[in-house]
Amino acid sequence: EYVILVDLPRASKPSAPTRRHLKVMFQDDQLKQAVVFTEKNLLLNMAAQFVISVLSKRSTVVVKKREEALDIARSHFKK
């Protein structure tokens with residue numbers, strides 16, 4: 001199992017091939033959770049949450065700060 005950390009502060013709109021790859025990646029049975037950080041405003045956080053929830057049936061957390069995202073991702077491996 002693994003947790004994926006999605007770093008969006010400098011991301012741009014993904015191309016069609018990238019979107020297809022993301023869809024496959026987020027449907028991996030070994031994926032436990034997606035942790036997204038944006039360093040942006042509430043609307044971008046909500047948009048990121050929505051897009052990833054459509055791509056993945058796994059738990060998704062969206063936060064503003066990288067350190068918070070890392071702490072959440074690490075917490076899965078401390079159990």
Side-chain angles (χ1 to χ4, degrees):
E1 293 185 337
Y2 66 96
V3 174
I4 190 168
L5 182 66
V6 182
D7 178 349
L8 291 180
R10 286 169 265 147
S12 58
K13 183 179 177 182
S15 65
T18 299
R19 288 192 301 273
R20 285 191 296 274
H21 179 72
L22 288 170
K23 186 174 183 178
V24 170
M25 185 176 68
F26 278 104
Q27 292 176 354
D28 183 350
D29 290 337
Q30 295 297 310
L31 178 61
K32 186 171 184 176
Q33 183 177 45
V35 183
V36 181
F37 76 95
T38 61
E39 294 183 358
K40 303 291 181 186
N41 63 40
L42 179 64
L43 291 178
L44 180 59
N45 290 2
M46 291 171 57
Q49 177 81 37
F50 174 75
V51 169
I52 293 174
S53 69
V54 168
L55 293 174
S56 176
K57 301 302 180 210
R58 308 295 183 264
S59 171
T60 305
V61 178
V62 179
V63 296
K64 286 186 179 181
K65 301 293 179 186
R66 182 178 195 271
E67 289 70 28
E68 184 180 0
L70 287 169
D71 288 343
I72 292 167
R74 287 183 187 123
S75 72
H76 288 284
F77 300 104
K78 293 181 181 179
K79 297 176 184 177

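- Closest of all the heavy-atom pairs between Met25 and Leu31 is O-CD2, 4.2 Å.
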Fill in: Val36/Thr38 under side chain to side chain contact (heavy atoms under 4.5 Å, CB included): CA gap, chis, key distance, verdict
CA-CA 7 Å; Val36 181; Thr38 61; 4.3 Å; yes

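- With rounding to the nearest 0.5 angstrom, the CD atom of Gln33 is 10.5 Å from the CG atom of Leu5.
- Looking at heavy atoms from C-beta onward, Val35 lies out of side-chain contact with Val6 at the 4.5 angstrom threshold.
- Within 6.0 Å of atom OH in Tyr2, more than 12 heavy atoms from other residues, nucleotides or ligands are found, so the atom counts as buried in its surroundings.
- A continuous path of Ile, Leu, Val, Met, Phe, Trp and Tyr side chains, each step under 4.5 Å between heavy atoms, connects Phe37 with Phe77, placing both in one hydrophobic cluster.
- Under a cut-off of 6.0 angstrom, the local environment of CZ in Arg19 is crowded, with over 12 non-hydrogen atoms contributed by other residues, nucleotides or ligands.
- When all heavy atoms of His76 and Val3 are compared, the pair lying nearest together is CD2-CG2, 3.5 Å.
- In this structure, Ile4 CD1 and Thr60 OG1 are separated by 10.5 Å, a value rounded to the nearest 0.5 Å.
- We find the CZ-CG distance between Arg66 and Leu8 to be 13.0 Å, quoted to the nearest 0.5 Å.
- Taken from CD in Gln30 to CD in Glu1, the straight-line distance is 6.5 Å, to the nearest 0.5 Å.
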